[in-house]
**Q** 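For reference, the structure I am asking about is given below.
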Amino acid sequence: MSNAEDHFKNVISHSKEYGFIFQSSEIYDGLSAVYDYGQNGAELKKNLRDYWWKAMVQLHDNIVGIDAAIFMHPTTWKASGHVDAFNDPLIDNKDSKKRYRADVLIEEHVAKIEDKIRKEVEKAAKRFENFDQKLFLQTNPRVVEYAEKINSINSRFKKAMEDGNLDEVKQIILDLEIVCPISGTRNWTDVRQFNLMFATQLGSVSDESSTIYLRPETAQGIFVNFLNVQKTGRMKIPFGIAQTGKAFRNEIVARQFIFRMREFEQMEMQYFVKPGTEMESYEYWKNARMRWHQSLGFGENRYRFHNHLKLAHYANAACDIEFEFPFGFKELEGIHSRTDFDLKNHEEFSGKKLRFFDPETKESYIPYVVETSVGLDRLFLATLATALKTEKIEDGSERTVLNLPHALAPVKVAVLPLVNKDGLPELAQKIVDELKFDYQVQCEEKDTIGKRYRRQDAIGTPLCITIDHQAIEDGTVTIRERDSMTQERVPLNAIKKIVDERVSLSSLLKKL
RNA sequence: GCGGAAGUAGCUCAAUUGGUAGAGCUCCAGCCUUCCAAGCUGGAGGUUGCGGGUUCGAGACCCGUCUUCCGCUCCA
């Protein structure tokens, strides 16, 4: 276990040392749960995004991609249910250190009183032969008292929430003498409101009506454009709309490096299907997405499905693809059957018909949606954590190597003149100039060759082309492979073909 | 947000009961010209996270604050 912890710490420090991830605003002591991608991180992240985009959009003739804005009309979030679902009043018990939702505590208390009424009814039903339940509920003094109590609690709570009066919510909990189920005490903190969406102002003049949110998921940008894309792209169901982009959530606690950030990037695809066929597509995408992840070669046993038993407000089936991170199996991608929840609500709130007319059956319907949603930053972390290895070499020394899939490496080829004279740097530059139009290439002249190899290993460069004196004599160079550290001598005119074969993205895509 | 631990050079870490902040690696400039991080010379780099306090004197002690890690909580 401490091994895994050490490994995770290594991943974090390696990320910083080699320009993958920096903490945001580090010179100002950082900003909690916000991170920046450095020169190598940005390349790796871009490559992961490209691989996803090409696998989803380029390889499927019925999937197109869009890039919707982060700002959306405020009604969007009412329709999606986020305004309600993202506002929780929370309260902590100081003795047990447990946190509760204040509304749940009060609801549970009300449920207990309802229980008492039910018991009274049961007792009375046994006692009287011609039991009139309706009359009993209206007349029995004890029951009436309970019912009044429930009503007064509910109306008081409702008013407090509407007024945003959190002190009153706390006072209700105190007045009802609600105790913590764990500690049994009434030692409560103040009630705090956790708004999980970021609000900001649209327009330079501040005005209450101009409050808008930074999107908490990219999906809604797809839903509100459903009709635009369907019509202008002449899309026939089933079809998909893909999108990558930033989303923002005000997490209560953000932890584990870039696993849970306040600002993060999603890669989502919403697949629109005929109602009744959604489970078929759900199964298809479950398998297709798992296959995609496994094509990265991190090991099949590091992935598993986790089926959701408790479903979100919009779903009729849901599962996660979990990955074995250094801190355990955690969600990497979610696959949800979202029914027609989103389109139906947007139809209702906007008053616009969001339907598909099927010319064959002559019917018009609101499509069902199957969503695949990957966290790009989580995928990045999974990739880096799996790829980072410390190896013992035969000569007894150690090397740190990033065992990245070749096509994803930030730098594909390093060109290294063995010595910095005799025309070797010039030849190296010629090779760089040939490759740079297709690949990220680096030329390094400083330090001993061994040092340069190790530096390239540490950022995961799959191929090193070394120029020695023989290269000048007979026009051949050596290509050294990162993982095996073996070298082969090849003629100059064979370089491009070899690089294409070993590091291009298409070689990875063809395996899908 | 609560509890625990930590924060000293780019990185890893020293600094006796409170007494002038150091080392290795890295980096930079040269020399050397070497196929797997280890040669030579010189150099740069610090308001000890930040702000207060105690003291003749604080990296160390006290208070506050920020950040990170671990646990709890939350996770559409």
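Below, chain A is the first sequence line, B the second, and so on; all start at residue 1.
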**Q** A:D447 CG to B:rU26 P: how many Å, rounded?
**A**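 Nearest whole value for this atom pair: 8 Å.
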**Q** Rounded at 0.5 Å granularity, tell me how far CG in A:D474 sits from CG in A:L492.
**A** 8.5 Å
**Q** One character per nucleotide, please: for nucleotides 9-14 of chain B, 5' to 3', B when the base has a protein heavy atom closer than 4.0 Å, S when only the sugar-phosphate does, - otherwise.
**A** -SS---
**Q** Quick one: look up who B:rG42 pairs with, Watson-Crick or G-U, both distances under 3.5 Å, and put none if it's unpaired.
**A** B:rC28
**Q** Given salt bridge (Lys or Arg N to Asp or Glu O under 4.0 Å), test A:R455 with A:D447 step by step and report yes or no.
**A** CA-CA 10 Å; A:R455 261 206 301 269; A:D447 290 317; 3.1 Å; yes
**Q** I want to confirm an ordering. Mapping A:I12 and A:E331 to their closest nucleotides on RNA chain B, which one lands closer to the 5' end?
**A** A:I12
**Q** Between atom CZ in A:R260 and atom P in B:rC70, what is the gap in whole Å?
**A**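 Going from CZ in A:R260 over to P in B:rC70 covers 12 Å.
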**Q** Quick check for you: to the nearest 0.5 Å, what is the distance between A:R289 atom CZ and A:M269 atom CE?
**A**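 These two atoms lie 8.0 Å from each other.
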**Q** Provide, to the nearest angstrom, the distance between the CD atom belonging to A:Q23 and the P atom belonging to B:rG49.
**A** 16 Å
**Q** Go through the structure and list residues passing side-chain contact (heavy atoms from CB on, under 4.5 Å) with A:S350, not counting sequence neighbours.
**A** A:K352
**Q** Under 3.5 Å for both donor-acceptor distances, Watson-Crick or wobble: does B:rG51 have a partner, and if so which one?
**A** B:rC63
**Q** Once you measure the plane-to-plane angle for A:H346 and A:F223, does it fall in the parallel (<30°), tilted (30-60°) or perpendicular (>60°) bin?
**A**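 Correct class here is tilted.
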**Q** Side chains of A:E268 and A:T218: any donor to acceptor distance under 3.5 Å?
**A**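 Yes.
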**Q** Rounded to whole angstrom units, what separation is found between the NZ atom of A:K9 and the P atom of B:rG7?
**A**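 So the two atoms are 12 Å apart, to the nearest Å.
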**Q** Atom CE of A:M261 and atom C1' of B:rU68: how far apart are they, to the nearest Å?
**A**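 Computing the A:M261:CE to B:rU68:C1' distance gives 16 Å.
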**Q** State yes or no: are the ring centers of A:F327 and A:F259 separated by less than 6.0 Å?
**A**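 Judged by ring-centre distance (under 6.0 Å), A:F327 and A:F259 do meet the cut-off.
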**Q** In the strands shown, is B:rU17 matched to any nucleotide by a Watson-Crick or G-U wobble pair with both distances under 3.5 Å, and which?
**A** none
**Q** Determine the Euclidean distance between corresponding P atoms of B:rU20 and B:rG53; express it in Å to zero decimal places.
**A**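 The same atom, P, in both gives a distance of 23 Å.
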**Q** Relative to each other, are the rings of A:F257 and A:F8 parallel, tilted or perpendicular (30° and 60° limits)?
**A** perpendicular
**Q** Looking only at side chains, do A:T476 and A:R489 share a donor and an acceptor under 3.5 Å apart?
**A**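 Yes.
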**Q** What string of B, S and - do you get for nucleotides 31-40 of chain B, 5' to 3', when a contact is any protein heavy atom under 4.0 Å?
**A** --B-BBBS--
**Q** Checking base pairs now: Watson-Crick or wobble, both atom distances under 3.5 Å. What partners B:rC69?
**A** B:rG4
**Q** In whole angstrom, give me the gap between the C1' atoms of B:rG30 and B:rC36.
**A**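 Result for the C1' pair: 25 Å, nearest Å.
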